[in-house]
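Single-structure report; data block below.
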Amino acid sequence: MDKYVIEGGEKLYGCVALQSAKNTVLPLLAAAVLTDEQVKIRGIPTIVDVENMIHILGEVGCKIKRQKECAAIDSSNAVSHEIPARLTKELRSSVFMLGSVLTRFHRAKISYPGGCDIGLRPIDLHLSGLKRLGVQIIEKDGYIDCVADKLVGAEILLDFPSVGATENIILAAVKAEGITVIRNAAKEPEIVDLQRFLNAMGAKVRGAGGGTVVIEGVKRLHGVEYTPIGDRIEAGTYLIAAATCGGEIEMSGVPAENIAALLHKLRENGCKIYTKNDKILLTSNGRMKSVDIVETMPFPGFPTDMQAQYAALCTTASGSTLVVENLFETRYRYAAELKRMGADITVRGRAALIRGVEKLHGASVTASDLRGGAALVIAALKAEGQSNVIDLSHIDRGYADFEGKLKKLGAKIKRVKI
Ligand code: UD1
């Protein structure tokens, strides 16, 4: 197991080179089995979730050639419709394989997916959407077995704009007979990117980003070379880190509208932010004013994936912040760890009241999920003295070279084996 040893108190200065969006790359990799021609994805981030997804593709029979940050996937010899349980347990996004494998083989068998332990994370919306397309589903012994003689377009209204369900249904509908309409679809930028990618393969998908996605089934899809969008959650994490610690950082690759909700809060906190096209420049004096309330919502609301990092900022802001987590049930596991560093947080169900303290002090803390882990690192960068952030396995799932990028900004952070 690894840990970070962090000496807090440094301001952060410089440019951050952002990775491609984890949450785009994962469904794009799944989508590679939709065609038997070569799919080339550039800018693949070196993170464990992506490696796991690539293993899954290997298990269904795809050949994958890696060259630096480019992956070429050839699924012409893909044979298996079954995703092995040991890999799906590691990665929630393995569930996207349902839609694409169904399209390819008209059959897909997968065990219930894993991922961060942040709440119930059911997949009922995925399954009811697939049923509407004509898929028969048998759930037994922890497995979901899906069979469809043929996939047929349908009208689907999602009870909640689930990102994964929207993507899965799109993947199952691209080659279905007729037209599929998904209403109350998720509007996240990653869905727009998936649409762009699929259309570049010859699909006919429109409306992504607007709440209603229309998919006109096509007979065949062809190969593609594609560069996914930048990772807005990674961008937000570094922006929050610099806002909290003070300094000036710059990045490009994520248009401001993709993280508008966060930028709005950071401005209220007292940061100066300049944006132009896909460039963002943030300046902070490291003394944040608290905002009254921040509530997570589906896009374009404040992202649940930035809730923990933002809470780390609130711990030393001048005043109190009420954080409300509306998407996942248990996304405050990091709070007990922040308290070890001197944070004043009361959690009740989906709400956390954070009363800003003068300063945090170094402590040994354990990362128990991806974004919660990033929050602990931000708090440790701000804290007086030395901190240990233990168990980097979750952070490694989503941040490529986290310590390297922070070090470049001037942070005192070391990765150590324990
Ligand atoms: C995706 C992101 C994740 C992010 C989340 C919300 C990927 C790989 N992951 O996850 O980082 O935190 O969006 O922005 O893109 N729900 C149901 N039934 C379902 C599906 C979802 O009730 O069938 C509920 C969930 O429990 C949750 C809410 O809908 O309360 C949002 O989940 P969803 O948008 O599906 O998140 P994911 O796709 O899992």
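Given the structure is predicted, the values throughout are model-derived calculations rather than measurements. In listed order, ligands and their atoms are each counted from 1.
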Backbone or side-chain N or O of [X] under 3.5 Å from ligand 1 N or O:
X: Asp305; result: yes
X: Leu327; result: yes
X: Glu167; result: no
X: Leu125; result: yes
X: Lys22; result: no

For Arg331, is there an ion pair with Glu325 - N to carboxylate O distance below 4.0 angstrom?
no
Among Gly164, Pro122, Ser162, which residue places a heavy atom closest to atom 19 (C) of ligand 1?
Pro122
Heavy-atom proximity to atom 14 (O) of ligand 1, picking from Leu127, Asp49, Thr166, Thr304, points to Thr304
Here the ring-ring contact (aromatic ring centres under 6.0 Å, His included) pairs for residues 158-200, sequence neighbours left out, are Phe197-Tyr226
Sort and list the pairs that fulfil ring-ring contact (aromatic ring centres under 6.0 Å, His included) and have at least one residue in residues 239-276, not counting sequence neighbours.
none
Looking at Ile191, is its backbone amide N or carbonyl O close enough to the side chain of Glu188 to form a donor-acceptor pair, meaning the two atoms are under 3.5 Å apart?
no
Checking Lys187 against Phe299: charged group under 6.0 Å from the ring centre and within 45 degrees of the axis?
no
